[in-house]
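Take a look at the structure below.
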Amino acid sequence: DRGLYFIDKEKNFQNFGKIINQKNYNNIYVIINESYPNFRDQNLKKYLFEKIVSNNNDLIVQKFKRKWNRAVTTQGTEMEFFCNKKVDFNDFIRDELEYFLEKNNCWITNEKNKNLVYIHSYEETFFNRSRYKKFFNKTYFKKDLLKLGLKKCQQKFDGVCDHEVINNMDKFIDQKNNNFVIFLTLNNHIPAEPITKKNYLDCEKNFPLNLNKQFCIIYNNQMFFNENLSNFLEIMNKNDLVVLLSDTPPMFNKRTRIHFEDTIDVYFFSKK
């Protein structure tokens, strides 16, 4: 049976490096998921999770919860992932990433023996992520992904479709082993547009999806991405690791956001 470990006492998980380094994993894939729709409704949560694991009976799943940075949102999540400790955000957004990480002795610098790859479905100029290039062996942004033949999703933030990235992961790594890939998604950035015509749930009949059209859109988008993630996990090698975390809850106003959990789920997927 699938091994599933729930860590309920940990209310603000931060130590990514400890979990990632507890075993000598071969390929490591980290997905920072834009606005994962982590609804308080337990059935909606369950359906999202089951869409990931349903066809993968040999998975080991570790689940944690963490707080999210209300001041600095997505970039803050990246910074906290890279470092696992208190560092200066103003330095982070100003400095070349390599200089910042080494200056602060961040845990991810210990991974420089791996082939480091960074992927984001949008522009590298967005929050000046071109400053990441020196640290990573290879970076892929919207223009790079389009050159590889990946399709663009039409929405306000019109980047490459996230499922195109997860389904073409082999295009981004020029070696089979010893890769460390970080993928920052885009498609559920509010306001979102439907990525798929498939309706996984009838939104009209499911609360709170029937309260807000955007609730319905991001939920179906996420179900579609999770379905593609499930396919990726199915072909993942035995000694690989996939980490899935959200940057923040979906960025609605405070009154609307009450339908979402106020913490972020962090999942580590590996195989027996």
Side-chain angles (χ1 to χ4, degrees), residues 1-7 10 13-33 36 48-66 77-78 80-84 97 101 105-121 132 135-140 145 148 150 162-185 225-246 264-272:
D1 293 333
R2 186 187 307 122
L4 182 57
Y5 302 94
F6 291 95
I7 312 298
E10 185 77 66
F13 171 80
Q14 293 183 0
N15 206 340
F16 291 98
K18 181 178 179 181
I19 300 294
I20 288 172
N21 293 323
Q22 71 183 2
K23 183 179 175 183
N24 186 27
Y25 292 107
N26 180 24
N27 297 309
I28 299 166
Y29 304 92
V30 178
I31 302 169
I32 302 177
N33 198 115
Y36 194 95
L48 283 170
F49 178 72
E50 286 180 347
K51 187 57 69 176
I52 298 173
V53 301
S54 58
N55 296 320
N56 293 283
N57 294 321
D58 58 347
L59 286 179
I60 300 170
V61 185
Q62 298 179 73
K63 177 187 174 185
F64 300 84
K65 286 190 174 294
R66 70 185 298 269
T77 300
E78 289 187 292
E80 291 166 0
F81 173 79
F82 293 147
C83 291
N84 272 353
L97 181 63
L101 297 176
N105 194 28
C106 294
W107 75 270
I108 201 168
T109 58
N110 298 325
E111 303 296 324
K112 292 190 78 171
N113 64 316
K114 287 190 172 291
N115 179 42
L116 294 166
V117 178
Y118 181 87
I119 308 167
H120 182 34
S121 312
Y132 289 14
F135 177 72
F136 289 93
N137 299 98
K138 190 76 176 177
T139 58
Y140 296 89
L145 300 172
L148 290 173
L150 276 65
D162 294 331
H163 66 278
E164 288 272 293
V165 174
I166 199 73
N167 292 337
N168 290 278
M169 194 59 73
D170 58 335
K171 291 186 176 182
F172 313 122
I173 48 180
D174 53 14
Q175 59 187 55
K176 288 189 175 180
N177 299 308
N178 202 38
N179 298 290
F180 194 124
V181 180
I182 297 176
F183 169 32
L184 174 62
T185 73
F225 181 79
N226 286 6
E227 188 172 70
N228 287 274
L229 174 58
S230 178
N231 295 334
F232 180 75
L233 292 174
E234 194 172 357
I235 62 172
M236 180 178 74
N237 292 324
K238 194 166 185 176
N239 199 35
D240 291 350
L241 175 71
V242 170
V243 185
L244 174 67
L245 68 149
S246 181
I264 301 303
D265 290 337
V266 181
Y267 293 102
F268 293 82
F269 300 100
S270 56
K271 289 192 173 180
K272 293 181 181 179

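For the side-chain contact (heavy atoms from CB on, under 4.5 Å) with Arg66, the lone residue among Asn15, Asp265, Val266 that qualifies is Val266. Between Ile52 and the options Asn228, Leu59, Leu229, a side-chain contact (heavy atoms from CB on, under 4.5 Å) holds for only Leu229.
Partners of Thr185 by side-chain contact (heavy atoms from CB on, under 4.5 Å), not counting sequence neighbours, listed by chain and number: Ile31, Asn33, Glu34, Asp162, Phe183, Phe225. By the side-chain contact (heavy atoms from CB on, under 4.5 Å) test, Asp174 is found to be paired with Asn115, residues two or more places apart in sequence or in another chain being considered.
Between the side chain of Lys271 and the backbone N or O of Leu233, at least one donor-acceptor pair lies under 3.5 Å. Side chain of Ser230 to backbone of Asn226: no donor-acceptor contact under 3.5 angstrom is found. Between the side chain of Asn27 and the backbone N or O of Asp240, no donor-acceptor pair lies under 3.5 Å. Asn137 contributes no side-chain N or O that, together with a main-chain N or O of Val117, makes up a donor-acceptor pair within less than 3.5 Å.
Note: Tyr118 and Phe135 fail the aromatic proximity criterion, with ring centroids not under 6.0 Å apart.
Dense packing is recorded around NZ of Lys23, with more than 12 heavy atoms of other residues, nucleotides or ligands lying under 6.0 Å away.
Atom NZ of residue Lys138 and atom CD1 of residue Ile119 lie 11.5 Å apart, to the nearest 0.5 angstrom. Atoms CD and CG, on Gln14 and Asn84 in that order, are 7.0 Å from each other to the nearest 0.5 Å.
Between Phe13 and Phe16, the angle of the ring planes goes over 60°, which puts this pair in the perpendicular group of the 30/60° scheme. Trp107 and Phe81 have perpendicular rings, their planes meeting at more than 60° on a 0 to 90° scale where under 30° would count as parallel.
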